[in-house]
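The structure appears right after this line, and notes come after that.
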Amino acid sequence: MSLRQFEYALAVAEAGSVTAAAEVLHVAQPSVSQQIRGLERELGVQLFSRTPTGLVPTVVGRAFLRDAEVAVRAARRAQATARAGADELVGELLVAAQMGLGTRQLPGALAALRRRYPRLAVTVFEEPNPAELEQLARRGILDLALLGSACDEGLYEGHHLGDEEFVIVLGANHRLLKKDRIALRELEEEQWIRFEPASALEGFLTEVLRDNGLQPTAVARVSQTSTAVRWAAHGLGVTLVPASAVPEGHEHLVRPVFPVVSQPVVAAVRPGAGPAEMALLEFLRQETWYQPVSPAA
């Protein structure tokens, strides 16, 4: 078996047909067909089934493709590491960010990384739930993740970058906007914009509300912090998010709370990480992570 066969099989699975995969790979269709047939003969199994809508992986095929994806990413990472000495780092860096953490800091760090390694591509998984994050980590796909808690030291090494203060977001005409800082108990009768039940942010918010004796009504649930902020701004309800996750133009609707709600920001990096991961970690360290929210004038 060859790495090329793995790449071709992954391309067929993603594109849904040999023809489409050949276009993506910029090769002739017979070449893709030949590689897939050869791979199936060597494995002694059928990787794909033909359906009216195209080729779909069989049960065995799906299991094979999961490991093939890990192998291909590992090979690309090894290739990138080998070229790093000549400042020609290429390949793809995969990053995950939970709970809206690093919304302001990550773009600056990634821009600095791109300036150092202009041929490096970056993919960011935004706000995966804990189960998805663990699956990505155990499959060896993630290179770096921003978490709001300690990471599994068996898989990744944790680096504390700082802390993130959480703020309440109110509607444009909300009665509490006249206050400089809002007590959480004042929000007991408010309707809340919450998050998907399986998300890390919802788990954190549930803890905060419970610790402060609040059992508010959820008027809506969303998957992204930016969506929660925009809906709160339109008066649908209130929401609690990391201060750095508040989109530009909504700062006047934000108020700090007491007791203060904050969360550590941890960068989880794979042990023995390559130059790209370590460079990104260093750029993240250079960003400002904890700035207490000033009361509005």
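With a 4.5 Å cut-off on side-chain heavy atoms, V246 and L253 do not count as touching. Put simply, the side chain of P259 reaches to within 4.5 Å of the side chain of N212, judged on heavy atoms. Side-chain contact between L146 and Q98: absent, with no pair of heavy atoms (C-beta onward) separated by less than 4.5 Å. Annotation: side chain of P242 is not in contact with side chain of Q263 (no heavy-atom distance under 4.5 Å). V229 places none of its side-chain heavy atoms less than 4.5 Å from the side chain of I193. Side-chain contact between D143 and R270 is present, with heavy atoms from C-beta onward closer than 4.5 Å. A 4.5 Å side-chain heavy-atom check between E164 and V241 finds every atom pair outside the cut-off. When side chains are defined from C-beta on, I36 does not count as touching L55, because their heavy atoms never get closer than 4.5 Å.
Within a 6.0 Å sphere centred on CD of Q34, other residues, nucleotides and ligands contribute 12 heavy atoms or fewer. The environment of CZ in R185 is sparse: at most 12 heavy-atom neighbours from other residues, nucleotides or ligands sit within 6.0 Å. For Q215, the CD atom is loosely surrounded, since the number of other residues' heavy atoms within 6.0 Å does not exceed 12.
Of the inter-residue distances, the one linking T288 atom OG1 with L161 atom CG reads 12.0 Å to the nearest 0.5 angstrom. Rounding to the nearest 0.5 Å gives a distance of 5.5 Å between CD of E186 and CG of L176. To the nearest 0.5 Å, the span separating CD on E132 from OG on S199 amounts to 10.0 Å. Rounding to the nearest 0.5 Å gives a distance of 10.5 Å between CD of E188 and CG of L209. The line from CG of L110 to CZ of R115 is 10.5 Å long, rounded to the nearest 0.5 Å. Here the CG-OH distance, from L93 to Y117, works out to 11.0 Å after rounding to the nearest 0.5 Å.
Listed here is the closest heavy atom pair of P197 and R221: CD-CD, 4.2 Å. Nearest heavy-atom pair, D163 versus P264, reported as atom, atom and distance to 0.1 Å: OD2-CA, 3.5 Å. Pairing each heavy atom of G171 with each of L177, the nearest pair is O-CD1, 3.2 Å. Residue M99 comes nearest to G148 through the heavy atom pair SD-CA, 4.4 Å, listed as atom of the first residue, atom of the second, then distance. Closest heavy-atom contact between A245 and T225: CB-OG1, 3.7 Å. For the residue pair Q46 and T58, the shortest heavy atom distance occurs at O-OG1, 2.7 Å.
Hydrophobic clustering, with ILVMFWY side chains joined whenever heavy atoms are under 4.5 angstrom apart, groups L43 together with V12. By the criterion of side-chain heavy atoms lying less than 4.5 angstrom apart, applied directly or through intervening Ile, Leu, Val, Met, Phe, Trp or Tyr residues, V56 is not grouped with L65; the two fall into different hydrophobic clusters. Each of V24 and V18 belongs to its own hydrophobic cluster when Ile, Leu, Val, Met, Phe, Trp and Tyr are linked at side-chain heavy-atom distances under 4.5 angstrom. One hydrophobic cluster, built from ILVMFWY side chains closer than 4.5 Å, cannot hold both I168 and F258; they sit in different ones.
Note on residues 1-20: pairs passing side-chain hydrogen bond (donor to acceptor under 3.5 Å, both in side chains), not counting sequence neighbours, are T19-Q29.
Of the charged side-chain nitrogens involved, at least one lies within less than 4.0 Å of a carboxylate oxygen, so that E190 and R175 count as a salt-bridged pair.
A tilted orientation is assigned to the rings of F166 and F204, their planes being inclined by 30° to 60°.
Partner R285 forms a side-chain contact (heavy atoms from CB on, under 4.5 Å) with one of H160, Q105, H159 and no other, that one being H159.
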